[in-house]
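Letters go in sequence order (proteins before strands), and every chain restarts at 1. All figures in this text were calculated on a predicted structure; none of them were measured in a lab.
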2 protein chains.
Amino acid sequence: MNDIYALLEENNLSRTPCRVEILKTLSQAGSALSESEIRDKLGYNYDRTTVYRTLRNFLNQNVIHSISLEGGEVRYAMTPSRDKPHGTHHVHFYCNNCSGVYCISHKPFNTPRLPSGFSPENFDLLVHGKCKNCSV
Amino acid sequence: MNDIYALLEENNLSRTPCRVEILKTLSQAGSALSESEIRDKLGYNYDRTTVYRTLRNFLNQNVIHSISLEGGEVRYAMTPSRDKPHGTHHVHFYCNNCSGVYCISHKPFNTPRLPSGFSPENFDLLVHGKCKNCSV
DNA sequence: TATTGATTTGCAACGCTGTTGCAAATATAA
DNA sequence: TTATATTTGCAACAGCGTTGCAAATCAATA
């Protein structure tokens with residue numbers, strides 16, 4: 001709980017109930033959540049607009065990050081502290097069975113050679129498969 | 001042109017002007033296109049619905065594939081013939097300067113170790129940076 | 001070529017995600 | 001406690017993608 005207050009303070013964000021609850025929800029969630037999942041978990045006590053604006057603020061400050069899935073679905077998750085100020089290699093796992101999205105260790109990984117002329121700046125790897133809970 | 005007719009035939013899709021024009025557009029485009037870019041290139045001669053339905057058919061048959069970008073934007077591109085019936089390793093490049101999206105060679109690449117219990121099935125790597133035309 | 005039947009298309013309407021403008025409510029600092 | 005800045009809720013909007021249904025088009029046959 002104090003972590004959350006500290007996180008807000010570090011990022012010059014005032015401590016409002018909405019912000020605190022969203023961060024608490026994302027911290028406790030085992031996987032990345034969509035905006036509607038977040039609002040659902042908060043009992044629809046906050047307006048859609050407010051939640052989106054809050055998420056946008058968090059994204060701008062890199063407090064959270066977003067993961068884009070096939071078909072344009074977007075999920076939000078806490079940014080691991082090791083990834084501040086900025087990470088270049090990101091790995092996420094999408095479970096084909098339960099649709100859960102998990103942030104995986106962000107250590108730089110080997111990347112394929114690109115055609116000449118292309119200069120890479122960062123890498124986002126999305127792995128599809130069966131997650132811990134679903135791979136029997 | 002005959003390639004396109006053949007492609008439709010192989011996939012049991014009747015040869016309609018809309019399908020032919022969309023495939024022609026995607027084949028000639030140097031980069032992946034959004035639905036609205038496609039419709040724009042076709043001079044808005046086809047209904048949005050028709051274009052979406054056509055793209056969905058092509059996706060189902062793996063004639064094209066979609067690439068999901070940050071913020072939920074989706075682009076469509078021809079599936080390279082080497083990727084049929086199915087590829088497990090996909091690489092796309094997003095240019096931070098011109099916003100172009102390019103399909104990169106799909107040879108299997110080294111992937112990071114996953115936490116135990118996670119079983120990967122396929123890998124989608126999105127590289128951000130400057131493309132051939134935009135890097136200096 | 002004309003006819004039939006299946007497929008494709010356009011239109012209207014809808015749902016979902018995300019945004020903006022503005023006024024009311026709340027937080028912060030004096 | 002008051003004054004100022006920030007945050008919130010509401011209404012409205014834009015864009016992407018979908019569905020239902022009737023009209024148009026395609027493909028196969030006669």
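- Contact between the side-chain N/O atoms of A/Y52 and the OP1/OP2 oxygens of C/dG18 is found at a separation under 4.0 Å.
- The aromatic ring centroids of A/H128 and A/H92 lie 6.0 Å or more from each other.
- Taking atom CG of residue B/L69 and atom P of nucleotide D/dC16, one finds them 13 Å apart after rounding to whole Å.
- A/Y94 and A/E70 share no side-chain donor-acceptor pair at under 3.5 Å.
- If you check every strand for non-hydrogen atoms under 4.0 Å, A/N45 touches sugar and phosphate atoms only.
- The base of D/dG17 lies close enough to the side chain of B/R48 for a donor and an acceptor atom to sit less than 3.5 Å apart.
- Where B/V51 and B/G72 each meet DNA chain C at their nearest nucleotide, the meeting point lying more 5' is that of B/V51.
- B/Y76 comes within 4.0 angstrom of the backbone, heavy atoms only, and of no base.
- Taking only side-chain nitrogens and oxygens, B/R56 comes nearer than 4.0 Å to OP1 or OP2 of D/dT19.
- At the heavy-atom level, A/R53 lies under 4.0 Å from base atoms of the strands shown.
- The aromatic rings of A/F93 and A/Y102 sit tilted relative to each other, their planes meeting at an angle between 30° and 60°.
- Across D/dG17, C/dG18, D/dG20, the shortest atom-to-atom separation from the side chain of B/E35 is found for D/dG17.
- Among D/dG9, C/dT9, C/dT19, the nucleotide with an atom closest to any side-chain atom of A/T50 is D/dG9.
- Residues A/T54 and B/S36 each lie close to DNA chain D; by heavy-atom proximity, the contact nearer the 5' end of the strand is made by A/T54.
- Counting to the nearest Å, the P atom of D/dT19 and the CG atom of B/N57 are 12 Å from each other.
- Residues that satisfy the salt bridge (charged side-chain N to carboxylate O under 4.0 Å, His left out) test with B/R19, not counting sequence neighbours, are absent from this structure.
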So which protein nitrogen or oxygen atoms get under 3.5 Å of nucleotides 25-30 of chain C's nitrogens or oxygens?
none

Determine all donor-acceptor pairs shorter than 3.5 Å in which one atom belongs to a side chain in residues 28-40 of chain B; sequence neighbours excluded.
from	atom 1	to	atom 2	distance (Å)
B/S34	OG	B/S36	OG	3.3
B/S34	OG	B/E37	N	3.1
B/S34	OG	B/E37	OE1	3.4
B/E35	OE1	B/Y52	OH	3.3
B/E35	OE2	B/R39	NE	2.7
B/E35	OE2	B/R39	NH2	3.4
B/E37	OE1	B/S34	N	2.7
B/D40	OD1	B/Y44	OH	2.9

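- The two residues A/Y76 and A/L26 make their nearest non-hydrogen contact at O-CD2, 3.4 Å.
- Between the A/T50 side chain and the A/Y46 main chain, no donor and acceptor come within less than 3.5 Å of each other.
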